[in-house]
Q: 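Handing you this structure, nothing more for now.
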Amino acid sequence: MIDHEGNNRGIVLTDEAMDIAVEAGLDLVEIQPNAQPPVCKILDYGRFKYQSQKKAAEARKKQKTVEIKEIKMRPNIDTHDYEVKMKSMLRFFSEGDKVKVTLRFRGREMAHQDLGMKLLDQVREETAEIAKVESSPRLEGRQMVMILAPLK
């Protein structure tokens, strides 16, 4: 048992510990129930709960959620359009977000899936030093999808 002043009292009977807590006007709280013997502390339980909630809220505030941003392309994309898309992709990686590259085929472009694969390989090569391939290119209906995640 640890008393309200932070001193270790050693092993104390439960009734005796409760009496000490009542004398101090505080609560007897079991801190580590699985320890042998269980560790109890005399403290103000309301204040203890409040502080633990504050710590949990602070931890949630510092947590960053990873979003998946989507970049859509076509197999016959122009060089300037491709560079603009790559610039925004690099910005997404710097913010810590994942990027889903979607390559949409229309009409007879489905017959030239190799061009789409070359384009996605080019994207993979250009982002190799800052991102890793989380999901390799796969065909889903009329579009080819690849997911890239930033390196940490």
Q: Suppose we screen for salt bridge (Lys or Arg N to Asp or Glu O under 4.0 Å). Which residues come up paired with Lys69, at least two apart in sequence or across chains?
A: Glu67
Q: Among Ile, Leu, Val, Met, Phe, Trp and Tyr joined by side-chain contacts under 4.5 Å, find the other residues sharing a cluster with Ile68 and list them by chain and number.
A: none
Q: So do Met144 and Leu119 actually touch side chain to side chain, heavy atoms under 4.5 Å?
A: no
Q: Between Leu43 and Val12, is there shared hydrophobic-cluster membership here, with clusters defined by ILVMFWY side-chain heavy atoms closer than 4.5 Å?
A: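 They do not share one cluster, since no chain of ILVMFWY contacts under 4.5 Å joins Leu43 to Val12.
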Q: Is Ile71 reachable from Phe93 through a run of hydrophobic residues whose side-chain heavy atoms are each under 4.5 Å from the next?
A: yes
Q: Hydrophobic cluster membership, with links at side-chain heavy-atom distances under 4.5 Å among I/L/V/M/F/W/Y: are Ile147 and Met73 in one?
A: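 No: no chain of side-chain contacts under 4.5 Å links Ile147 to Met73.
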Q: Once salt bridge (Lys or Arg N to Asp or Glu O under 4.0 Å) is applied, do any residues pair with Arg74, and if so which ones, sequence neighbours excluded?
A: Glu109
Q: Around atom CG of Leu151, are there more than 12 heavy atoms of other residues, nucleotides or ligands at under 6.0 Å?
A: yes
Q: With sequence neighbours left out, what residues match Glu16 under side chain to side chain donor-acceptor pair (under 3.5 Å)?
A: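 Listed in chain order: nothing, the list is empty.
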Q: Mind checking what makes side chain to side chain donor-acceptor pair (under 3.5 Å) contact with Asn7, not counting sequence neighbours?
A: Glu5
Q: Show me the donor-acceptor pairs, under 3.5 Å and distance only, between side chains in residues 18-35 and residues at least two apart or in other chains.
A:
from: Asp27; atom 1: OD2; to: Tyr45; atom 2: N; distance (Å): 3.1

Q: Treat each ILVMFWY residue as a node, draw an edge where side-chain heavy atoms are under 4.5 Å apart, and state whether Ile77 and Met86 are in one component.
A: yes
Q: Could you list the residues that satisfy salt bridge (Lys or Arg N to Asp or Glu O under 4.0 Å) with Glu70, not counting sequence neighbours?
A: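 Partners of Glu70 under the salt bridge (Lys or Arg N to Asp or Glu O under 4.0 Å) test: none.
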Q: Name all pairs fulfilling the side chain to side chain donor-acceptor pair (under 3.5 Å) condition that reach into residues 53-62, sequence neighbours left out, sorted by first residue then second.
A: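 For residues 53-62, and leaving out neighbouring residues, there are no side chain to side chain donor-acceptor pair (under 3.5 Å) pairs at all.
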Q: Identify the two heavy atoms, one from Lys72 and one from Lys85, that lie closest to each other, and give their separation to 0.1 Å.
A: O-NZ, 2.9 Å
Q: How would you list, by chain and number, every residue that makes a side chain to side chain contact (heavy atoms under 4.5 Å, CB included) with Leu115, sequence neighbours excluded?
A: His112
Q: Indicate yes or no: does Lys118 engage Asp121 in a salt bridge with an N to O separation below 4.0 Å.
A: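 Salt bridge flag = no for Asp121 with Lys118.
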Q: State, to 0.1 Å, how close Ala17 and Met1 come at their nearest heavy-atom pair, and which atoms those are.
A: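 Nearest heavy atoms, Ala17 then Met1: CB-SD, 3.4 Å.
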Q: Would you tabulate the side-chain donor-acceptor contacts of residues 130-138 under 3.5 Å, counting partners in other chains and residues two or more places apart, or write 'none'?
A:
from: Glu134; atom 1: OE1; to: Lys98; atom 2: NZ; distance (Å): 3.0
from: Glu134; atom 1: OE2; to: Lys98; atom 2: NZ; distance (Å): 3.1
from: Ser135; atom 1: OG; to: Arg138; atom 2: NH1; distance (Å): 2.5
from: Arg138; atom 1: NE; to: Glu140; atom 2: OE2; distance (Å): 3.1
from: Arg138; atom 1: NH2; to: Glu140; atom 2: OE2; distance (Å): 2.8

Q: Check salt bridge (Lys or Arg N to Asp or Glu O under 4.0 Å) between Glu126 and all other residues, then give those that pass, not counting sequence neighbours.
A: none
Q: Answer yes or no: is there a side-chain heavy-atom contact under 4.5 Å between Met89 and Val123?
A: yes
Q: So does Arg47 have more than 12 non-hydrogen atoms from other groups sitting under 6.0 Å from CZ?
A: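 12 or below, so no.
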Q: In the hydrophobic clustering that connects Ile, Leu, Val, Met, Phe, Trp and Tyr at side-chain heavy-atom distances below 4.5 Å, which members other than Val84 occupy its cluster, ordered by chain and number?
A: none
Q: Is it possible for you to say whether Phe92 and Leu90 belong to one hydrophobic cluster, with membership spreading through side-chain heavy-atom contacts below 4.5 Å?
A: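 Yes, Phe92 connects to Leu90 through the hydrophobic network.
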Q: Going by heavy atoms in the side chains, are Gln122 and Tyr82 under 4.5 Å from each other?
A: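 Result yes, sub-4.5 Å side-chain heavy-atom pair found.
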